[in-house]
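In what follows, a structure is listed as structure tokens, so that the remarks can point back to it.
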Amino acid sequence: MKKNMKKATALFLSAAMAVGLLTGCGSGDSGSAGGSSTGGSSTGGSADGGAAAAGEVDLSEPVELTMYLLGDKSADFDEVYGEINKILAEKLNTTVKVEFLGWGEHDTKYSLLFGGGEDFDLIFTASSWGHYESTVAMGGLYPLSEEFIQTYAPGIWNVVPELAWDQAKIDGTIYMVPNYQNEFGQDVLAVRGDLMEEYGISQITNWDELMEFYKACAEHGQYASQGGPWYQYFQAQGLSVTGGAPQGGELILYNTQDPEDLNFYYLLDWDGFTDYCHQMKELADMGAWSQDVLSSSDERQTGLLTGRAAAMAWNLGSCKNFAKQANAEHPEWNVTLVDPVSEWPKKVNSYINNGMAINAASNNKERAMMVLNEFYTNPTINDMTRFGIEGKHWEAVGDDQYKTLEASSGFGVDSNCNWGWMNNEIKRTEYIEDRTAVDDTYDAMLESWDNNIKPNHVYDGFNFDRTPVETQASAVEAALGMYYSPLVNGLVKDVDASIEELRSSLESAGIRDVIAEMERQAAEYVASKQ
Amino acid sequence: MAAERSHLGKVRKGGDVIALNIIAYGFCGLVALLCLVPFLMVLAGSFSSEQAITQNGFSLLPQDFSVEAYKTVFRDPMVVVRAYATTICLTIGGTFLGLCIQTMTAYVLARKEFEWRNAFSFFFYFTTLFSGGLVPYYILINQTLNLRDSYLALLLPLLFSVYNLLIMKSYILGIPDSLIDAAKIDGCGEFRTLVQVVVPLIKPALATVGLFIALAYWNDWYNAMLYIKTEEKYPLQYFLYQQVNNIEGYKKLIANGSVSSAVVSSVNLPTQTLKMALTIVVTGPIVLAYPFVQKYFVQGITIGAVKG
Amino acid sequence: MNNKKGVKGFFKKAYKYRAFLLMLLPAVVYTLIFAYYPMTGVVLAFKKYNFSGGIWGSPWNGFENFKFFFQSGQAGLVTRNTVLYNVAFIIINTVTQIAVAILLTEIHGKHFRKVSQSLMFLPYFISWVIVGVMAFNIFSSDYGFLNRLITALGGEKVAFYTKPEAWPFILVFFNLWKGVGYGSVMYLAAIMGIDTSIYEAAAIDGANVFQRIFKVTIPMIMPTTIILFLLSIGGIFKGNFDMFYNLVGTNGLLYNYTDVIDTLTFRALVTNNNYGMSAAVGLFQSVLCFITVVLVNKLVGHYDKDYTLF
């Protein structure tokens with residue numbers, strides 16, 4: 001027996017090697033409890049006042065900041081940032097090391113960076129899809145007081161409009177530096193010109209003309225789009241999604257075109273929704289879009305590019321790009337851009353769709369803010385993050401335009417998550433040599449929109465914070481799944497019955513609590529603005 | 001050991017045998033065909049142009065023949081070669097170590113005279129039911145054990161699987177007690193009994209569980225995503241699936257209407273064909289290596305042959 | 001355990017089992033570190049998680065995290081769907097995988113046997129993302145293969161993506177298809193572990209091949225079958241998110257028949273990424289699985305003590 005014991009011991013030892021670091025873990029254990037809470041040691045809310053009051057930062061020590069961006073790293077990225085670091089080192093005695101979270105990873109890893117005690121300073125963020133609200137709710141982002149911004153990033157403070165700061169506020173505190181560019185929140189249509197002509201549709205500028213076009217498509221056995229034009233419908237009524245409301249803001253709308261109207265329009269209390277669903281049922285039954293839209297893995301542009309759909313609704317820039325691509329592949333299609341909600345002045349997209357934030361656990365918050373100021377307002381650096389190295393990737397055309405050079409694919413224009421510090425004041429536009437009709441339409445549309453920006457509605461800067469009613473809000477999101485998209489795309493058998501079912505399931509999920517909390521927050525916000 | 005003998009020995013060719021053969025050939029042939037056809041579609045798709053696939057859907061032959069997807073996969077051939085090497089080393093090392101631990105443990109749990117075996121079985125099984133989720137595990141690997149960016153972060157999480165353990169245990173239970181008792185009477189200790197008596201009898205089981213462990217290592221990209229930063233250390237699947245996951249994540253992203261147009265236009269990759277090319281690149285080596293494992297599934301065990 | 005002799009008896013036993021215990025040690029240590037230590041994270045289900053507090057320092061919030069799931073009004077439906085799908089998967093997969101394994105061993109043509117077995121493994125490597133696209137290519141009402149076939153045969157198009165009743169069959173089929181090769185390997189190995197002399201004895205007794213299969217092969221692979229069955233019971237309240245998400249997508253029309261706990265949770269939490277709430281749903285599933293497994297394991301124990309999991 002003893003001999004065998006020895007053998008067993010030997011076996012165990014070899015196996016123990018496989019398990020590895022058995023010994024190491026004992027000592028590491030005690031560290032873990034502390035480790036998981038290291039994030040918080042310096043997070044104590046607004047303890048930054050002192051630092052900001054101190055004003056000057058000691059720049060004598062060189063510091064390397066770590067910055068997390070989203071997306072893919074391009075081939076020439078390190079080269080470009082090497083150049084940027086030269087400037088930063090000279091000016092601020094600071095360099096930046098950039099890490100990327102891929103599109104497939106950021107959903108999982110973004111909050112693990114904070115929860116797992118990763119050491120970093122700056123991170124890209126964005127409302128909803130960029131995890132802004134959820135990260136703030138868990139205390140991951142450093143609250144930026146006005147003095148702090150003014151002290152360490154005076155350039156940013158001068159440039160970013162007040163509306164943008166308002167949008168970035170959660171419960172009265174700013175946690176991100178929003179980007180500043182006037183992207184329009186309203187979608188346009190890239191539409192097949194040849195089909196419009198064939199069906200005798202001369203223009204699509206309002207809801208009725210849009211419906212006429214959809215019906216004409218259906219009558220000719222041609223799909224019009226990849227689903228119902230829901231946004232176009234409520235935008236035609238002057239309404240807009242509300243920041244932070246369930247279902248990406250769609251469930252509760254507000255009248256953005258009428259600054260006097262401070263009501264919220266909960267879909268199921270609003271007759272327009274029922275009306276819309278009936279119209280969509282009619283269109284879907286006629287065959288204006290495929291019955292499979294809800295399960296299709298097609299991308300948004302697939303229908304247009306393959307000719308399966310006559311139109312595609314998306315933002316202005318994307319519509320232009322894909323319209324040009326479709327025309328290049330099928331010149332006879334004559335794809336053009338139309339604005340189906342042309343009767344209203346235009347709403348600028350929320351500025352917190354892109355932004356930058358500072359890790360609450362960062363040891364170099366002041367430097368981080370100063371570096372961000374450079375990215376945001378130093379034209380040389382800003383251009384480099386957008387286009388790459390001048391003379392290699394791009395060249396300047398005049399003061400406010402750029403032209404890409406052959407090597408530009410190694411970096412890509414606006415492809416390296418520079419979106420957080422887009423700055424309208426110094427933003428160059430593309431100089432296009434061989435212009436097409438779509439480019440002209442685009443420029444004309446953009447110009448007329450720029451000159452037709454709608455007056456401010458107080459709710460434009462309002463962002464609902466769902467944390468106080470998180471249970472209800474989550475239950476509502478879950479309950480929406482079964483009826484909402486089928487209704488919006490006209491695919492239910494009985495519209496009225498489905499609406500009733502949706503209503504009752506939202507009621508029991510607690511939608512009234514959500515609305516009540518929202519109204520409370522909105523009233524508070526309005527009061528703070530007066 | 002009897003070489004290439006069917007485990008059924010000699011069978012007479014009666015009507016029942018013929019009937020069974022018709023069923024067996026028919027059924028297995030049909031199932032195999034149902035499994036082959038979609039794979040051929042994936043193969044054909046990987047050699048098609050992206051445009052043709054979105055336009056026409058899948059087919060059995062390449063449409064508008066193109067190697068664009070493979071060009072994307074092999075953008076940087078040295079990286080792929082290195083990733084292959086990493087994965088192969090991990091798979092071999094992990095499978096060997098994993099099999100050792102799991103066989104040893106399963107052997108003990110299968111021994112009927114070990115009164116505590118049920119308690120220990122429960123101790124292991126319980127961990128498959130409850131888990132603390134991602135956050136504590138991430139902290140364990142990344143901070144407590146400090147394995148961030150280490151190969152051990154790829155090796156250790158997959159080393160031991162309770163499923164494989166219990167499957168192995170059930171195979172060992174099938175060995176007649178008399179064999180083990182005989183070994184003990186001959187003076188063998190537990191470890192020698194395991195190595196000299198039990199292991200030769202469970203070759204199919206070792207092949208099966210070994211295959212499962214190997215597949216787990218081969219297919220793993222998730223641990224690499226969480227813990228590996230240095231590109232030189234990427235295993236194959238992560239290197240490849242990073243690309244696919246990025247496309248999927250990106251698609252989900254742009255379905256969200258509020259994302260700005262700069263974000264939308266920042267990615268331009270073949271999507272469907274790339275996914276299919278990756279499937280082929282990943283599956284290829286396994287399909288080639290499979291016959292070596294397979295020989296253990298087509299050869300019966302004669303217990304008498306290993307006695308003594 | 002056996003407490004008659006108290007602590008002293010325990011140590012005596014431990015000494016007697018020292019070889020066994022030593023052999024178990026690596027696995028036990030591994031399990032303690034990699035499974036039990038992170039398992040303490042289940043407390044997140046009762047906490048309002050924040051980064052600075054971490055797992056232990058965050059404030060407790062009772063059963064708050066569980067509420068959203070039941071308040072969604074669909075908890076009953078998705079729990080039912082999850083269980084029914086898993087029951088169907090377990091029964092159909094087990095029967096088919098055993099049938100395939102037995103029939104494969106009955107095939108005498110060595111090459112046919114090897115090749116068909118290899119081919120059955122291929123679907124395992126095709127990710128659910130691709131399977132989802134493939135399914136769309138088959139079932140789409142516009143250009144789907146099946147509808148082209150139906151119309152070519154003079155039938156009416158079927159809009160599968162608005163027909164929830166069809167989906168249990170489709171999902172069961174794809175699940176079976178993807179796992180048939182992987183699953184049957186386990187039964188093949190079990191069949192290969194049967195002593196050939198038992199077959200010879202059966203042949204001498206004049207059993208025909210069908211009797212041999214039902215009287216020898218199937219009883220002999222019972223231990224493996226039951227272990228695998230019990231292992232799948234252990235996941236009976238957990239839905240395969242990848243499969244349901246990639247095949248069904250966000251198609252609410254099909255949810256009555258296809259929504260499972262994991263897809264519902266995903267929908268509810270995708271925007272706010274609440275660790276506490278996802279831990280709560282996970283705990284809910286685990287507890288139900290645990291209860292089921294203990295019950296089923298007891299039942300199996302009545303039949304034969306050796307077949308139980310623990």
Side-chain angles (χ1 to χ4, degrees), chain B residues 6-9 16-17 20 24-25 27-29 31-32 34-36 38-39 42 57-58 101 104-105 108 114 118 120-122 124-125 127-133 135-137 140 160 163 166-167 170-171 173-174 190 204-205 208 248 272 275 279 283 290 294 297-298 300-304, chain C residues 17 19-20 23-24 26-27 30-31 35 37-42 44 55 100 103-104 106-108 113-114 116 118-120 122-123 125-126 129-130 133-134 137 143 177 180 185-186 188-189 192-193 195-197 199-200 208-210 223-224 227 231 234 275 279 282 286 289-290 306 309-310:
Chain B
S6 159
H7 78 286
L8 298 171
D16 56 333
V17 177
L20 183 70
Y25 276 92
F27 185 71
C28 294
V31 174
L34 277 178
C35 292
L36 176 65
F39 197 80
V42 173
F58 290 25
I101 299 185
M104 190 166 68
T105 314
V108 177
F114 183 46
N118 270 354
F120 275 103
S121 294
F122 183 77
F124 290 119
Y125 178 69
T127 62
T128 66
L129 290 171
F130 290 89
S131 99
V135 182
Y137 203 80
L140 170 77
F160 184 80
Y163 286 86
L166 293 175
I167 291 166
S170 84
Y171 291 132
L173 274 177
E190 296 299 345
T208 310
E248 287 303 309
Q272 303 295 0
K275 276 184 258 174
T279 310
T283 318
Y290 191 50
Q294 218 182 11
F297 303 135
V298 290
I301 292 291
T302 314
I303 286 178
Chain C
Y17 292 143
F20 287 144
M23 287 168 93
L24 283 179
Y30 179 96
T31 307
Y37 174 60
M39 199 191 284
T40 53
V42 293
L44 276 181
I55 295 169
V100 165
L103 291 176
L104 272 176
E106 296 295 339
I107 288 175
H108 288 270
R113 185 165 20 142
K114 276 193 168 182
S116 54
S118 304
L119 294 182
M120 289 179 201
L122 291 176
F125 293 100
I126 303 180
V129 177
I130 296 183
V133 179
M134 220 177 251
N137 270 279
Y143 55 98
W177 169 80
V180 68
V185 163
M186 285 182 274
L188 264 179
M192 290 307 149
D195 186 354
T196 45
S197 59
Y199 285 116
E200 277 152 23
N208 72 27
V209 284
F210 293 104
T224 307
I227 284 282
L231 284 175
Y275 286 127
S286 293
C289 287
F290 180 60
D306 278 343
L309 271 177
F310 44 82

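Chain A is the first sequence line, chain B the second, and so forth, proteins listed ahead of strands; every chain is numbered from 1. Nothing here was measured: the structure is a model prediction, and the numbers come from that model.
- Taking OH of C:Tyr17 as the start and CE of C:Met23 as the end, the distance is 15.0 Å to the nearest 0.5 Å.
- B:Phe122 meets the ring-ring contact (aromatic ring centres under 6.0 Å, His included) test with B:Phe126, C:Phe310; sequence neighbours excluded.
- For C:Trp177 (side chain) and B:Leu34 (main-chain N/O), a donor-acceptor pair under 3.5 Å exists by modelled atom type.
- In this structure, the portions of B:Thr105 lying under 4.5 Å from any heavy atom of chain C include both its backbone and its side chain.
- Among B:Val42, B:Thr127, B:Val31, the residue making the largest number of heavy-atom pairs under 4.5 Å with chain C is B:Thr127.
- Heavy atoms closer than 4.5 Å to chain B are found in the side chain of C:Ile227, but not in its backbone.
- If you tally non-hydrogen atom pairs under 4.5 Å between each of B:Phe130, B:Phe160, B:Phe120, B:Phe27 and chain C, the highest count goes to B:Phe130.
- Side-chain atoms of B:Asp16 do not come within 3.5 Å of backbone N or O of C:Asn208 as any donor-acceptor pair.
- Heavy atoms of B:Tyr137 lying under 4.5 Å from chain C belong to its backbone as well as its side chain.
- In this structure, the side chain of C:Asn137 engages the main chain of B:Phe58 through a donor-acceptor pair within 3.5 Å.
- Highest contact tally toward chain B, considering only C:Ser116, C:Ser118, C:Gly282, is held by C:Ser118 [criterion: heavy-atom pairs under 4.5 Å].
- In this structure B:Ser131 satisfies the side-chain contact (heavy atoms from CB on, under 4.5 Å) test with no other residue, sequence neighbours excluded.
- The most heavy-atom pairs under 4.5 Å with chain C, out of B:Gly57, B:Gly133, B:Ala32, come from B:Ala32.
- For B:Tyr125, the part lying near chain C is the side chain, with the backbone staying farther off; criterion is any non-hydrogen pair under 4.5 Å.
- From B:Thr208, atom OG1 reaches atom CD1 of B:Ile167 across 8.5 Å, with rounding to the nearest 0.5 Å.
- In this structure, chain C has a heavy atom under 4.5 Å from the side chain of B:Leu173, while its backbone stays farther away.
- When heavy atoms are compared at a cutoff of 4.5 Å, C:Thr40 does not approach chain B at all.
- Summarising the geometry, atom CG belonging to C:Leu119 is positioned 7.5 Å from atom SG belonging to B:Cys35; distances are rounded to the nearest 0.5 Å.
- Comparing B:Leu36, B:Val108, B:Thr279 by heavy-atom pairs within less than 4.5 Å of chain C, the highest count is held by B:Val108.
- For a residue to count as touching a neighbouring chain, one of its non-hydrogen atoms must lie under 4.5 Å from one of that chain's; by this rule C:Phe20 touches chain B with backbone and side chain alike.
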